[in-house]
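Naming convention: chains lettered A, B, ... in sequence-line order (proteins, then strands); numbering from 1 in each chain.
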Protein chains: 2
Amino acid sequence: MTDTIEQKCLLKGVKLTDQRRLIAKVMSEASDHPDVDELYKRVSKIDPKISIATVYRTVKLFEESGILTKHEFKGGKARYEELNEGHHDHLIDVKSGEIIEFVDEEIEELQKKVAEKHGYTLVDHKLELYGVKKNLNK
Amino acid sequence: MTDTIEQKCLLKGVKLTDQRRLIAKVMSEASDHPDVDELYKRVSKIDPKISIATVYRTVKLFEESGILTKHEFKGGKARYEELNEGHHDHLIDVKSGEIIEFVDEEIEELQKKVAEKHGYTLVDHKLELYGVKKNLNK
DNA sequence: AAAATTAATGATATTGATTATCGATTTTTT
DNA sequence: AAAAAATCGATAATCAATATCATTAATTTT
């Protein structure tokens, strides 16, 4: 297991309040990619007083501190995920919405090469694959 | 040169009105990736009567007809581009906003493989590279 | 070709996600 | 403990995009 978000905040000097700590905890425990509404629902169960404005503010703060990443998948609202060393991309099931994480070193390498070829240093990238499940017993 | 948008509409049975024809022409002549506001500005110069609602409606219609593609680059509004056979991805200069188009067959192939490996058939994908220009005379 | 029906337009209201504001509360500094 | 600064909750404002609706244009029916 890797560091919790709370630990990362300590390391990066991001001040934690009760609300932030709660949001950190819920995001650390999430194994999916919740949007703000969903996250708000989850934290509200524990602290019904929390404001959605605080949730928005906090995910933004965490994102700017390099603790969360924001995904803007096709035609949906922004979704958030804990940012860990092991970067990955996403394969999205267009029927069910299920999200599968994957890493492909070869693709990563080729991306860098493409950028270099055009005279650029790659600083970020976004790769999303959209697919439909294959019928395996055909 | 490839077909104009107007020709594609004829082929695909998309009915053209004066407004749609104008939007088609402006998009066919565009070599960049304008958002709706920019497109509205350009068509307004020729037909000042046109409504922005019509521009929104038309790009949506063209997109659904497979004539335009919509790009949702990081944190900006939707941008549109004519869709031609030769698919390509985008390398975005994070400083200037300049957009460079590229194709990399090897990456395309690997994407399909990744999807297959997870039991999926790739139906779509999005690849965006974000980079900074290299100092060439170093 | 006029009447009737259907489709598209322009103007504007509405929506939905996100950000901004602002007074109240909490935390930190002095 | 008083003063200053930061954060919060509630809600207003913003911004892109869609929906509504009366008017105009195009198409079909007679």
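Rounded to whole angstrom, the span from the CD atom of E72(B) across to the C1' atom of dC15(D) amounts to 15 Å. In this structure, the CG atom of L61(A) is 13 Å from the P atom of dA6(D), given to the nearest Å. The interatomic distance linking R20(B) (CZ) with dT24(D) (C1') rounds to 15 Å, in whole Å. Here the P atom of nucleotide dT7(D) and the CD1 atom of I23(A) are 13 Å apart, to the nearest Å. Spacing between atom NZ of K60(B) and atom P of dA8(C) amounts to 14 Å, rounded to whole angstrom units. If you take CG of L16(A) and C1' of dC8(D), they are 15 Å apart, rounded to a whole angstrom. The interatomic distance linking R21(B) (CZ) with dT9(C) (C1') rounds to 15 Å, in whole Å. To the nearest angstrom, P of dT11(D) lies 11 Å from OH of Y40(A).
Each of K49(A) and G76(B) was matched to the nucleotide of DNA chain D holding its nearest heavy atom; the match closer to the 5' end belongs to K49(A). Across the interface with DNA chain D, nearest-nucleotide mapping of K15(B) and D18(A) shows D18(A) to be the residue nearer the 5′ end.
With dA10(D), dA11(C), dA17(D) as the choices, the nucleotide that has an atom nearest any side-chain atom of S51(B) turns out to be dA11(C). Comparing atom distances between the D37(B) side chain and each of dA8(C), dA16(D), dA19(D) picks out dA16(D) as nearest.
If you check every strand for non-hydrogen atoms under 4.0 Å, I52(A) touches nothing.
H33(A) pairs with exactly one of H90(A), H71(A), E38(A) by the side chain to side chain donor-acceptor pair (under 3.5 Å) rule, that one being H90(A).
The pair E6(B)-K25(B) does not meet the salt-bridge criterion, since no charged nitrogen lies less than 4.0 angstrom from a carboxylate oxygen. Ion pairing between a basic and an acidic side chain is recognised when a charged N comes within 4.0 Å of a carboxylate O; E128(B) and K74(B) show no such pairing. Using a 4.0 Å cut-off between a side-chain N of Lys or Arg and a carboxylate O of Asp or Glu, K113(B) and E116(B) do not qualify as a salt bridge.
In the model, E108(B) has a side-chain atom that pairs as donor or acceptor with a side-chain atom of H87(B) under 3.5 Å.
A sub-4.0 Å separation between OP1 or OP2 of dG10(C) and a side-chain N or O of Q19(B) is present. OP1 or OP2 of dT9(C) sits under 4.0 Å from a side-chain N or O of T17(B). For R57(B) and dG10(C), the shortest distance from a side-chain N or O to OP1 or OP2 is not below 4.0 Å. Listed pair Y56(B) / dA17(D) meets the phosphate criterion, a side-chain N or O lying under 4.0 Å from OP1 or OP2.
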